[in-house]
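In what follows, a structure is listed as structure tokens, so that the remarks can point back to it.
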Number of protein chains: 2
Amino acid sequence: MIAPRCTTPGGPSVDWRRPPVGTVYHRSMEPGPLVAAMDSAGYRLTEPRRAVAELIAAREGHFTAADLLDDAKARRLGIGRATIFRSLDLLTELNVLERLDLPSGEHAYVPCGPVHHHHLVCSNCGRVTDVDDQGLASALEAIEHRTGWQVETHRLELYGRCPRCRTRRPS
Amino acid sequence: MIAPRCTTPGGPSVDWRRPPVGTVYHRSMEPGPLVAAMDSAGYRLTEPRRAVAELIAAREGHFTAADLLDDAKARRLGIGRATIFRSLDLLTELNVLERLDLPSGEHAYVPCGPVHHHHLVCSNCGRVTDVDDQGLASALEAIEHRTGWQVETHRLELYGRCPRCRTRRPS
DNA sequence: TTGTCTGCAAAGCGTTTGCATTTCG
DNA sequence: CGAAATGCAAACGCTTTGCAGACAA
């Protein structure tokens with residue numbers, strides 16, 4: 001009952017800081033694909049599951065179970081805590097969400113992108129941007145040659161200052 | 001009261017699987033550097049702290065707080081749970097240990113290597129090897145140019161099959 | 001109708017904290 | 001001696017689970 005999509009094992013673990021309000025993240029999501037994934041995998045399309053899909057779609061980028069719980073509470077939806085966790089587990093298993101392990105012990109979730117890419121995380125404002133693979137592939141091939149390992153997947157996270165924060169003083 | 005050594009932010013988060021008994025890990029550690037780090041940073045060299053340093057030195061590669069607690073119990077040392085956590089926090093802050101966020105919500109710790117490097121994790125047997133930076137630096141520079149970001153640090157984890165497991169059938 | 005799913009509340013688990021006591025320097 | 005560190009146990013925060021009732025197919 002599971003269809004593959006993401007390739008990143010475990011997912012990145014970010015030195016987490018909540019982004020300031022108004023931060024623009026990449027890769028938000030329509031509810032459709034989430035619902036479709038559950039449907040086509042043979043899971044029941046229940047009201048709570050549709051609601052969770054909506055809540056996720058309404059978010060931009062990363063979110064935690066607690067975020068969705070708050071959203072649900074704010075919208076006065078009667079979704080239970082357990083249901084939210086179970087839906088997130090399901091969507092992760094279906095590979096439409098990627099689960100990140102935060103230092104706090106929490107988990108965050110990101111909609112899976114269609115192609116392999118990496119994250120560029122601003123250490124000042126928390127903004128996250130996707131970066132593609134260019135140039136990295138050959139470095140990886142070199143590593144395969146040197147070590148004799150067969151590299152199947154990899155994860156790269158970059159930390160630094162985004163263009164906007166570069167021009168400012170350190171926070 | 002803190003001296004820098006590791007540069008990896010947050011530390012890698014591995015799709016964790018306990019290695020089979022007998023797995024050889026790299027980078028174990030003498031107790032000396034751990035004790036020295038605390039000493040030179042001005043912290044008291046107490047009996048429990050020395051004991052924790054010994055326990056860490058007796059381990060190879062990754063370990064969790066629970067591992068150390070078990071070790072301490074096995075050796076009938078009267079070290080409290082809180083003390084172990086506090087010592088690990090301290091050593092992490094002193095940058096002689098690196099803290100990893102496991103999917104379970106636990107934290108694992110690895111002795112910090114002297115130079116920047118990456119991990120090559122075998123998806124079959126769990127073996128971990130260090131890889132150096134060769135070839136990657138230029139790829140990162142290219143990314144800086146393309147994106148306008150100023151990359152400060154990065155983290156790369158590679159997953160694949162080690163030479164030994166390559167020759168075997170998939171597990 | 002039937003097996004899946006939900007909500008609730010309680011339990012689990014790793015980690016942290018408050019506080020009285022001990023220990024290093 | 002006095003500040004820092006310890007040990008204990010209770011508290012914490014996030015996540016999971018057991019179970020009776022609800023619901024999609």
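Convention: sequence-line order gives letters A, B, ...; per-chain numbering from 1. These numbers come from the heavy atoms of this one structure, side chains and all, not from hydrogens, waters or symmetry mates.
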Quiz item: What parts of residues 75-87 of chain A reach DNA chain C, counting only heavy atoms under 4.0 Å away?
Solution: A:G78, A:I79, A:G80, A:A82, A:T83, A:R86
Exercise. Please examine the side chains of B:L55 and B:L77, heavy atoms only from C-beta on, and report whether any two atoms are closer than 4.5 Å.
Key: yes
Quiz item: Is there side-chain contact between B:L100 and B:H62, with at least one heavy-atom pair below 4.5 Å?
Solution: yes
Quiz item: Any donor and acceptor pair, going by atom type alone, linking the side chain of A:S40 with main-chain N or O of A:A36 inside 3.5 Å?
Solution: yes
Quiz prompt | Min side-chain heavy-atom separation A:C112-A:V96 under 4.5 Å | solution = no
Quiz prompt | B:E54/B:L34 under side-chain contact (heavy atoms from CB on, under 4.5 Å): CA gap, chis, key distance, verdict | solution = CA-CA 9 Å; B:E54 295 279 355; B:L34 297 167; over 6 Å; no
Self-check item: For B:D89, all residues meeting side chain to side chain contact (heavy atoms under 4.5 Å, CB included), sequence neighbours excluded
Solution: B:R99, B:Y109
Quiz item: If we only count heavy atoms from C-beta on, is the B:H107 to B:L102 side-chain gap below 4.5 Å?
Solution: no
Quiz item: Between B:I56 and B:V52, is any pair of side-chain heavy atoms under 4.5 Å apart?
Solution: yes
Quiz prompt | Residue mapping more 5' on DNA chain C - nearest nucleotide basis, B:A65 or B:T46 | solution = B:A65
Exercise. Looking at every strand, decide which applies to B:A66 at a 4.0 Å heavy-atom threshold: base, sugar-phosphate, or nothing.
Key: nothing
Quiz item: On DNA chain D, which is the earliest and which the latest nucleotide, 5' to 3', with an atom closer than 4.0 Å to a heavy atom of chain A?
Solution: D:dC14 to D:dA25
Quiz prompt | B:L91 side chain near B:Y43 side chain, heavy-atom distance below 4.5 Å | solution = no
Practice problem: Note down the inter-axis angle between the two ends of the helix from C:dT1-D:dA25 to C:dG25-D:dC1, five pairs each, to the nearest 10°. | Solution: 40°
Quiz item: Does the side chain of A:L97 reach to within under 4.5 Å of the side chain of A:L88, using non-hydrogen atoms?
Solution: yes
Quiz item: Can you pull the contact range of chain A along DNA chain C, 5' to 3', using atoms under 4.0 angstrom from its heavy atoms?
Solution: C:dG3 to C:dC8
Quiz prompt | Ion pair check, A:R44 and A:D39, cut-off under 4.0 Å | solution = no
Quiz item: Quick one: are B:L90 and B:M38 in side-chain contact, heavy atoms under 4.5 Å?
Solution: yes
Quiz prompt | salt bridge (charged side-chain N to carboxylate O under 4.0 Å, His left out) contacts in which one or both residues fall within residues 73-86 of chain B, not counting sequence neighbours | solution = none
